[in-house]
Amino acid sequence: QVQLVESGGGSVQAGGSLRLSCAASEYPYSGSCMGWFRQVPGKEREGVASIYTGGGAGYYADSVRGRFTISRDNAKNTLYLQMNSLKPEDTAIYYCAAARSWIGCGQYLVTMTSQRGDNYWGQGTQVTVSS
């Protein structure tokens with residue numbers, strides 16, 4: 001069982017920056033896809049960014065491309081989300097997730113789970129951006 005623990009959330013003014021971290025007890029498998037998702041109460045969860053643990057560039061939702069950067073430190077089994085130029089509409093609970101089996105990382109932003117429907121989730125961290 002993979003454990004995911006997020007940290008780094010908080011409150012910031014519009015235009016500011018935050019960096020989220022997600023410490024994984026282990027990666028589900030070599031080359032697995034991990035990502036960040038967010039949800040506003042009363043709305044559907046949406047994909048923010050994803051990346052293969054084995055390497056390569058990240059995938060981004062149009063709403064955050066150019067402002068957010070996803071990265072990983074495999075030595076620490078940690079996923080990051082650097083969020084710059086934050087906007088009030090970025091306010092949400094941010095969740096770290098890891099696909100338990102295969103899924104293309106671009107597709108993962110939409111499906112939010114593997115092709116088999118198995119996935120690990122963190123507990124979430126609140127990000128609040130004030131205007």
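Bear in mind the structure is a predicted one, so any value in this text is a computation, not a measurement.
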For T78, the side-chain hydrogen bond (donor to acceptor under 3.5 Å, both in side chains) test, sequence neighbours excluded, returns none
The reported gap from OG in S114 to OH in Y120 (rounded to nearest 0.5 angstrom) is 10.0 Å
Residues 51-64 vs salt bridge (charged side-chain N to carboxylate O under 4.0 Å, His left out), sequence neighbours excluded, gives D62-R65
Correct closest heavy-atom pair for P88 and A14 would be CD-CB, 4.1 Å
Going by chain and number, the hydrophobic cluster around V40 (ILVMFWY, side chain to side chain under 4.5 Å) further includes none
The side-chain hydrogen bond (donor to acceptor under 3.5 Å, both in side chains) partners of Q3 (sequence neighbours excluded) come to none
Discussion item. I'd like to know if Y94 and L79 are part of one continuous hydrophobic network [Ile/Leu/Val/Met/Phe/Trp/Tyr, side-chain heavy atoms within less than 4.5 Å].
Written reply: yes
Heavy-atom closest pair (L20 atom, M83 atom, distance to 0.1 Å) is CG-CE, 3.8 Å
For residues 105-117, the salt bridge (charged side-chain N to carboxylate O under 4.0 Å, His left out) pairs (sequence neighbours left out) are R116-D118
Residues pairing under salt bridge (charged side-chain N to carboxylate O under 4.0 Å, His left out) where one sits in residues 69-88, two or more places apart or in two chains, turn out to be none
For residues 45-56, the side chain to side chain donor-acceptor pair (under 3.5 Å) pairs (sequence neighbours left out) are S32-T53, R38-E46, Q39-R45
Verify the cluster assignment for Y27 and W121: are they in a single hydrophobic cluster under the rule of side-chain heavy atoms below 4.5 Å apart? no
Hits for side chain to side chain contact (heavy atoms under 4.5 Å, CB included) against V12, two or more places apart or cross-chain, chain-then-number order -> L18, L86, V129
Sorted by chain and number, sequence neighbours left out, side-chain hydrogen bond (donor to acceptor under 3.5 Å, both in side chains) with Q123 holds for E6
Taken in chain and number order and not counting sequence neighbours, the residues that satisfy side chain to side chain contact (heavy atoms under 4.5 Å, CB included) with E44 are none
Before you tell me yes or no, could you show the steps for T91 and V127 under side-chain contact (heavy atoms from CB on, under 4.5 Å), namely the whole-Å CA-CA distance, both residues' side-chain angles and the distance that decides it to 0.1 Å? CA-CA 5 Å; T91 296; V127 171; 5.9 Å; no
Smallest heavy-atom separation, G47 atom then F37 atom, equals CA-CD2, 3.3 Å
Value for OG (S71) from CD (Q82), rounded to nearest 0.5 Å, stands at 8.0 Å
Is V48 reachable from I70 through a run of I, L, V, M, F, W or Y residues, each pair having side-chain heavy atoms under 4.5 Å apart? yes
Residues 9-26 vs side chain to side chain donor-acceptor pair (under 3.5 Å), sequence neighbours excluded, gives S17-N84
| How about W102 and Y29: are their ring centres within less than 6.0 Å of each other? | no
Contacts satisfying ring pair (Phe, Tyr, Trp, His ring centres under 6.0 Å) that involve residues 55-88 (not counting sequence neighbours) are none
Taking W36 as the starting point, is it possible to reach V2 by hopping between hydrophobic residues whose side chains are less than 4.5 Å apart? yes
| said: Check for me, please, whether L4 and Y108 land in the same ILVMFWY cluster - side-chain distances under 4.5 Å, paths through other members count. | reply: no
Worksheet entry | Chi angles and distances behind the side-chain contact (heavy atoms from CB on, under 4.5 Å) call for T111, I103 | CA-CA 9 Å; T111 66; I103 183 75; 3.9 Å; yes
